[in-house]
Amino acid sequence: MRVLIVEDEEQLADAVARGLRLHAMAVDVAYDGQEALERASYIDYDVVVLDRDLPEVHGDDVCGELTSRSRILMLTAAGQVRDRVDGLSLGADDYLVKPFAFAELVARIRTLARRTSTVAQPVLERAGIRLDPARRTVTRDGREVALSRKEFDLLRELMRAEGRLVSSAQLRREVWDEFAEGDTSVLRVTMTALRRKLGAPPVLENVPGKGYRL
């Protein structure tokens, strides 16, 4: 699950991001509306946790731009009914008032992500591998392959590339988050496990210094 936290209170944003990463979410952080729009222009987020009162570009405008691409959870100190109605009318999917219980935030994010996963997504097929994004299942030549969450996401990115080379940096950015971009070991270990589980003959190619392809 890929989540973007958009919050100008940097300590709060960083604390929320750290907590969500402990729940196996890939989390990026933007401290103003302009940065949020820039990140969302090249990364697909399942859920955006969006503060309404943001510098540079107001949260309402950010919501209007992103609502067709991601599920939006408004996170704000404004708790009046009118404020909640306004936020939802802008296209937000849910609304949480500060201060909030972290467990509730996690639950709401997961609920929104499940709604995203119910949207019809094409089944991917290549080299005898069949990956169903909606059901999160993988088979190879009819044999079910049990993958961890990160192994599944890694395979999905490679299959989406349709045989094109995908750089290691791009894979780390898409499957993990910005903090994993400089860590080559996490990708290497996950790729080794994925190769083993997919079995023979091998279908994952490593191009040294450039990346991987299926």
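Index from 1, following the sequence.
- With sequence neighbours excluded, the residues that form a side-chain hydrogen bond (donor to acceptor under 3.5 Å, both in side chains) with K197 are E151.
- V16 and L22 are members of different hydrophobic clusters when ILVMFWY side chains are connected at heavy-atom separations under 4.5 Å.
- Checking side-chain atoms of R140 against main-chain N and O of G199 turns up a donor-acceptor pair under 3.5 Å.
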### Query
Stepwise, does the salt bridge (Lys or Arg N to Asp or Glu O under 4.0 Å) test hold for R172 with E157?
CA-CA 10 Å; R172 290 194 298 272; E157 291 303 318; over 6 Å; no
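- Residues R71 and D94 are not paired through a salt bridge, judged by the lack of any N-O separation under 4.0 Å between the basic side chain and the carboxylate.
- Among T67, L66, V62, the one residue that satisfies the side chain to side chain contact (heavy atoms under 4.5 Å, CB included) test with V48 is L66.
- Closest of all the heavy-atom pairs between K150 and A26 is NZ-CB, 4.2 Å.
- The shortest distance between side-chain heavy atoms of L204 and L158 falls below 4.5 Å.
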#### Entry: Verdict with supporting geometry, K98 and E7, side chain to side chain contact (heavy atoms under 4.5 Å, CB included)
CA-CA 12 Å; K98 301 176 187 175; E7 168 63 64; 2.8 Å; yes
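- With no hydrogens or angles considered, no side-chain donor-acceptor pair links Y31 and D51 at under 3.5 Å.
- Closest of all the heavy-atom pairs between A113 and V47 is N-CG2, 3.9 Å.
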### Query
Does the side chain to side chain contact (heavy atoms under 4.5 Å, CB included) test come out yes or no for L147 and R156, once each step is laid out?
CA-CA 11 Å; L147 300 179; R156 180 177 57 188; over 6 Å; no
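- Checking each of V6, I109, V27 against V49 for a side chain to side chain contact (heavy atoms under 4.5 Å, CB included) leaves exactly one that passes, namely I109.
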### Task
Quick one: do L73 and D93 satisfy side chain to side chain contact (heavy atoms under 4.5 Å, CB included)? Show the steps, please.
CA-CA 6 Å; L73 171 59; D93 298 279; over 6 Å; no
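- D32 is not listed as a side-chain neighbour of L54, based on a closest heavy-atom distance of 4.5 Å or more.
- Taking the side chain as every heavy atom from C-beta outward, V145 and I129 never approach each other to under 4.5 Å.
- A donor-acceptor distance shorter than 3.5 angstrom exists from the side chain of R143 to the backbone of L198, with no hydrogens or angles considered.
- Under the 4.0 Å criterion applied to side-chain N and carboxylate O atoms, E205 and K210 are not assigned as salt-bridge partners.
- Nearest heavy atom pair, residue V166 against residue A161, reads CG2-CB, 3.4 Å.
- Side-chain atoms of R160 never come within 3.5 Å of backbone atoms of L155 as a donor-acceptor pair (strictly under, hydrogens ignored).
- Between R69 and D44, none of the side-chain N atoms (NZ, or NE/NH1/NH2) sits under 4.0 Å from a carboxylate O, so this pair counts as no salt bridge.
- Both F102 and M1 are assigned to one and the same hydrophobic cluster, defined by single-linkage of ILVMFWY side chains at heavy-atom distances under 4.5 Å.
- Taking CG of L131 as the start and OG1 of T137 as the end, the distance is 7.0 Å to the nearest 0.5 Å.
- Distance alone, capped at 3.5 Å, places no donor-acceptor pair between the E9 side chain and the Q11 backbone.
- Residue A92 comes nearest to C63 through the heavy atom pair N-SG, 3.7 Å, listed as atom of the first residue, atom of the second, then distance.
- Between L50 and G59, the shortest heavy-atom contact is CD2-O, 3.4 Å.
- In this structure, R110 and M25 have side chains that are in contact, with non-hydrogen atoms separated by less than 4.5 Å.
- Without hydrogens or angle criteria, S70 side chain to D46 main chain gives no donor-acceptor distance under 3.5 Å.
- The line from CD1 of I72 to CG of L112 is 9.0 Å long, rounded to the nearest 0.5 Å.
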### Task
May I have the step-by-step check of side chain to side chain contact (heavy atoms under 4.5 Å, CB included) for Y45 and V3, ending in yes or no?
CA-CA 6 Å; Y45 291 103; V3 179; 5.7 Å; no
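- You'll find the side chain of L214 reaches within 4.5 Å of the side chain of R126, heavy atoms only.
- Hydrophobic clustering, with ILVMFWY side chains joined whenever heavy atoms are under 4.5 angstrom apart, keeps L165 apart from M159.
- Salt-bridge check for R136 with D153: passed, with a basic side-chain N closer than 4.0 Å to an acidic carboxylate O.
- Side-chain contact between Y212 and V207: absent, with no pair of heavy atoms (C-beta onward) separated by less than 4.5 Å.
- When all heavy atoms of E56 and G33 are compared, the pair lying nearest together is CB-N, 4.5 Å.
- Residues D60 and R52 are in side-chain contact: their nearest non-hydrogen atoms beyond the backbone lie under 4.5 Å apart.
- Side-chain contact between L187 and L154: present, with at least one pair of heavy atoms (C-beta onward) separated by less than 4.5 Å.
- Residue T192 holds its OG1 atom at 9.5 Å from CZ of R196, rounded to the nearest 0.5 Å.
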